[in-house]
2 protein chains.
Amino acid sequence: MIDPPHASAYIGIMAAHHHHEHAGASLAQAAEAALVEAGEQWTDMRSDIFAVLATFEKPASAYDIADLVSQRRGKRVAPNSVYRILDLFVTTNLARRVESANAYIANSHPGCLHDCIFLICDSCGTATHIDDDALTMSVRAAAEHAGFAQVRPVIEVRGKCADCD
Amino acid sequence: MIDPPHASAYIGIMAAHHHHEHAGASLAQAAEAALVEAGEQWTDMRSDIFAVLATFEKPASAYDIADLVSQRRGKRVAPNSVYRILDLFVTTNLARRVESANAYIANSHPGCLHDCIFLICDSCGTATHIDDDALTMSVRAAAEHAGFAQVRPVIEVRGKCADCD
DNA sequence: TTAACGATGTAATGTTGTAACGTGCATCGA
DNA sequence: TCGATGCACGTTACAACATTACATCGTTAA
């Protein structure tokens, strides 16, 4: 399950398996499939919220999303409703919460379970993500070694992205 | 400064160098020394806020701290003031912000610079920390390889601690 | 038909974080 | 001694993020 240890950090990136990096309609379809797979309903509201979330390339706050979904529907959607659905998305792995930004981002490969590493630019706010299973597994291992169970790693890196540097 | 990389994740814990894990008065002294060293003043307010922060073993919110400092001084201390000083503490490495808890925790070895890994129990809220330079350096390396600069890793693990499990 | 359930709406409130500006005090050179 | 400067801290207001409690509505199962 866990790759053998390796000397250098980033050699492991994307090495483990191939991802479908969905976008646009394909992503929405994949999200729908994943949600249904999880025994949940793919409602209009959920579809709209996912669609809006997926248009962002920066982590989006629940209030950002509420505003845009309100526009799209021509009717006010309360933050409350958005939070409910974002929570659902997070638990079903359709979206991730970016803790250091109090915001959310769509998972570009739903259905595929990873701990991922987010890089968030302090200047422009854009977030990219890295999958490095070897690294995240090491973090998990360290936590478990310290007696933790049901471990959920939060690995984010703040800094300046290549464009803003 | 940095140890050579080593193979397994958690073997590195605390291996790199010896820490003085301060507590109580010793910790306050160390904090004072570090702050002065950074060219900042060690005022009564800062002393009180640090003292209160250090009594917590769970990450403390700025508002928690404001309440307790208010009691201790017999006079209302506004959250605003607390934030200012907490920010100072974070930039001078006397305290850390726990992003996934919107809260702060005293650094038990101020003056000693690390990226640290926090383990936060979802049940009891207590936080422990791990220093694993090999692991954090791997995260840094991964981010830098992706073009990021001025990197500041945020590595936290949510889960159940050994006591609550 | 009606009871139960899940999804969403509504309103209120709680928590966390920042901005803008004012006051008091110590220091320092004229 | 006097004013200028800089820093710490106070005060107020507000912005941003999040939750709670309860109501409504449509679908499904008894």
Side-chain angles (χ1 to χ4, degrees), chain A residues 32 35-36 38-53 56 58-70 72-92 94-105 120 122 125 158, chain B residues 32 35-36 38-53 56 58-70 72-92 94-105 120 122 125 158:
Chain A
E32 174 172 357
L35 199 56
V36 169
E40 300 285 350
Q41 301 176 38
W42 184 253
T43 65
D44 286 354
M45 187 76 252
R46 291 173 186 186
S47 170
D48 283 353
I49 288 181
F50 188 86
V52 165
L53 179 60
F56 281 84
K58 324 189 176 197
S61 79
Y63 280 72
D64 292 340
I65 294 166
D67 288 346
L68 287 182
V69 173
S70 295
R72 164 187 285 241
R73 308 204 125 204
K75 176 169 189 308
R76 178 187 136 88
V77 174
N80 185 348
S81 301
V82 176
Y83 276 111
R84 263 196 300 243
I85 292 177
L86 287 175
D87 286 348
L88 175 68
F89 286 174
V90 169
T91 60
T92 53
L94 266 63
R96 300 279 186 168
R97 177 174 165 83
V98 180
E99 295 290 348
S100 70
N102 294 330
Y104 299 81
I105 193 166
I120 304 109
D122 290 327
R158 310 295 310 218
Chain B
E32 174 172 357
L35 198 57
V36 169
E40 301 285 351
Q41 301 177 37
W42 184 252
T43 65
D44 286 354
M45 188 76 249
R46 291 173 185 187
S47 170
D48 283 353
I49 288 181
F50 189 86
V52 165
L53 179 59
F56 281 83
K58 325 189 175 197
S61 81
Y63 282 72
D64 293 340
I65 294 167
D67 288 345
L68 287 181
V69 173
S70 295
R72 164 187 285 239
R73 309 204 125 205
K75 174 169 188 311
R76 177 185 138 88
V77 174
N80 188 332
S81 302
V82 176
Y83 275 112
R84 263 196 300 244
I85 292 177
L86 286 175
D87 286 349
L88 176 68
F89 287 174
V90 169
T91 61
T92 53
L94 267 62
R96 299 278 186 169
R97 178 172 166 83
V98 180
E99 295 290 348
S100 70
N102 294 330
Y104 298 81
I105 193 164
I120 303 108
D122 289 327
R158 310 295 309 217

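Chain naming here is simple, since letters A, B, ... match the order of the sequence lines and numbering starts at 1 in each. Atoms considered below: every heavy atom in the structure, side chains included; atoms not considered: hydrogens, waters and symmetry mates.
- Residues satisfying the side chain to side chain donor-acceptor pair (under 3.5 Å) test with A:Thr92, not counting sequence neighbours, are none.
- Smallest separation of non-hydrogen atoms from B:Val82 and B:Ala62: CG1-O, 3.6 Å.
- Below 30°, between 30° and 60°, or above 60°: for A:Phe89 and A:Trp42 the angle between ring planes is below 30°, a parallel geometry.
- Atoms CG and CZ, from A:Leu35 and A:Phe50 in turn, are 9.5 Å apart once rounded to the nearest 0.5 Å.
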Counting primed atoms plus P, OP1 and OP2 as sugar-phosphate and everything else as base, spell out the protein contacts along nucleotides 6-19 of chain D at 4.0 Å heavy-atom distance: B, S or - for each nucleotide, 5' to 3'. -SSBBBB----BBB
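- You'll find the side chain of A:Arg158 reaches within 4.5 Å of the side chain of A:Ser100, heavy atoms only.
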Check: protein-nucleotides 24-28 of chain C nitrogen or oxygen pairs below 3.5 Å:
none

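- The heavy-atom pair separating A:Val52 from A:Arg72 by the smallest distance is CG2-NE, 3.8 Å.
- A distance-only check finds a donor-acceptor pair linking the side chain of A:Ser70 to the backbone of A:Val77 [under 3.5 Å].
- The distance from atom CH2 of A:Trp42 to atom C1' of C:dA7 is 15 Å, rounded to the nearest whole Å.
- Of the possible polar contacts, one joining the A:Arg46 side chain to the A:Gln41 backbone as a donor-acceptor pair under 3.5 Å is found.
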